[in-house]
Amino acid sequence: MPACDWTLDTSCCPGWADYSPAVQAAATAWAMGILDSLTGHQFGQCPVTVRPCGPKCQGYGGYMTWPVGWPGASGSGMPWMLPYIDGAGAWRNCLCGKGGCSCRARCEVPIPGPATVTEVRVDGIVLDPSAYRLDNGHLLVRTDGECWPDCQDMNVGITEAGSFAVTLSPGLPLPPAGAIAAGELACEFAKACSGDASCALPQQLQSLSRQGINVQVVDPQAITGDGLTGIANVDLWIRSVNPTSKRQRSRVHSPDVTPVRYV
């Protein structure tokens, strides 16, 4: 997913306002694309809409164990438990219903994270943001006393009854330092595009000895191959957020994690 809607800080580029809108747009897109790639796609990705499956504890539906407090009995009306394997590989009995003493909220559903949620629809109706919150960047918790649907009809659209959809922007918000770095990189690209000799983007000429006419050139790939741009301030920020030059954030895939469907 590409980066979207980064707000660049061009306050360190005094001549930015003098460039044409076309040059500004091209420089902004170029800087966003380069820094998004070099920082491992961590920040401000384009919005997507997902359709989650139901929460892990689904009332009395699905496979359940014996009632709590009455060994060997069934249908007693007592609370029921749903066994699952936690992230450390330990067996847990999840108490479904109010009054549970686990670290899970009464009604929550996992979504791809970290992310920022911009809209939630249930049965095609947009919920007020006060009806939910996002915990740990990936757990959507219902807070208005209602609960998320246990299941949904994938044959209908997200504006129809029977649907459950979440629109989110993957990744962390771009921090102020990142906006400054992107603005400086865009500034240098605008200079290069306009033929400004003060452009700081790395070129092939590394040194020139005036006496003896000794010219040394450098391969730009030697700089970009290390996941850097050749601009000191920009590279300082890249190193601070992606010191090991990862191509993307680390991910964990588990059969115990409920999947989502991307629209």
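Of the N and O atoms on the side chains of Thr49 and Thr167, at least one donor lies less than 3.5 Å from an acceptor on the other residue. For the residue pair Gln42/Asp36, the side-chain donor-acceptor check at 3.5 Å is not satisfied. Side chains of Thr229 and Asp235: a donor on one and an acceptor on the other come within 3.5 Å.
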Run Cys187 and Cys13 through disulfide bond (SG atoms under 2.5 Å apart) and show every step you take.
CA-CA 6 Å; Cys187 181; Cys13 183; 2.1 Å; yes
How far apart are the C-alpha atoms of Met32 and Leu8, what are their side-chain angles, what is the distance that settles it, and do they pass the side chain to side chain contact (heavy atoms under 4.5 Å, CB included) test?
CA-CA 9 Å; Met32 284 174 52; Leu8 274 58; 4.1 Å; yes
Intermediate values then yes/no, side chain to side chain contact (heavy atoms under 4.5 Å, CB included), Val117 and Ile111
CA-CA 10 Å; Val117 173; Ile111 60 174; 3.8 Å; yes
From CA spacing to verdict: side chain to side chain contact (heavy atoms under 4.5 Å, CB included), Thr7, Leu174
CA-CA 8 Å; Thr7 301; Leu174 184 69; over 6 Å; no
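Between Trp16 and Phe189, the ring centre distance reaches or exceeds 6.0 Å.
Summarising the geometry of Ala31 relative to Ala182, their closest heavy-atom pair is CB-O, 3.5 Å, with the distance given to 0.1 Å. Scanning both residues, Pro110 and Pro52, for their nearest heavy atoms gives O-CB, 4.4 Å. Among all heavy-atom pairs drawn from Ala165 and Ile158, the shortest one is CB-CG2, 3.6 Å. Of all non-hydrogen atoms in Pro170 and Val48, the two that sit nearest each other are CG-CG2, 4.0 Å. When every heavy atom of Leu168 is checked against every heavy atom of Ala115, the shortest pair comes out as CD1-CB, 3.9 Å. Residues Asp153 and Arg51 come closest through the heavy atom pair O-NH2, 3.0 Å.
Put simply, the side chain of Thr28 gets close to the backbone of Gln24: a donor and an acceptor are under 3.5 Å apart. Of the possible donor and acceptor atoms, none in the side chain of Asn136 sits under 3.5 Å from a partner among the backbone N and O of His138. Checked by atom type and distance alone, the side chain of Asn242 pairs as donor or acceptor with a backbone atom of Lys246 at under 3.5 Å. A donor-acceptor pair under 3.5 Å links the side-chain atoms of Thr143 to the main chain of Ala131, judged by distance alone.
With contacts defined as side-chain heavy-atom distances shorter than 4.5 Å, the pair Phe43/Pro175 qualifies. Residues Pro149 and Val122 meet the side-chain proximity criterion, which asks for heavy atoms closer than 4.5 Å.
Val166 is not connected to Val141 by any chain of hydrophobic side-chain contacts under 4.5 Å among Ile, Leu, Val, Met, Phe, Trp and Tyr, and they are in different clusters. If you chain together hydrophobic residues whose side chains sit under 4.5 Å apart, Tyr262 and Val156 never meet in one group. Cluster membership check: Trp237 shares its hydrophobic cluster with Leu172, using side-chain heavy-atom separations under 4.5 Å among Ile, Leu, Val, Met, Phe, Trp and Tyr.
Leu127 pairs in a side chain to side chain contact (heavy atoms under 4.5 Å, CB included) with only one of the listed residues (Glu119, Arg142, Arg121), which is Arg142.
Considering CG of Asp123 and CD1 of Ile125, their distance stands at 6.5 Å, rounded to 0.5 Å. Within the model, atoms CD1 of Ile180 and CG of Leu185 stand 14.0 Å from one another, a figure rounded to the nearest 0.5 Å. In this structure, Leu228 CG and Ser245 OG are separated by 6.5 Å, a value rounded to the nearest 0.5 Å. Between the CD atom in Gln152 and the CD atom in Glu160 there is a gap of 12.0 Å [rounded to 0.5 Å]. How far NE2 of His41 is from CG of Leu35: 11.5 Å, rounded to the nearest 0.5 Å. The line from CZ of Arg239 to OG1 of Thr39 is 14.5 Å long, rounded to the nearest 0.5 Å.
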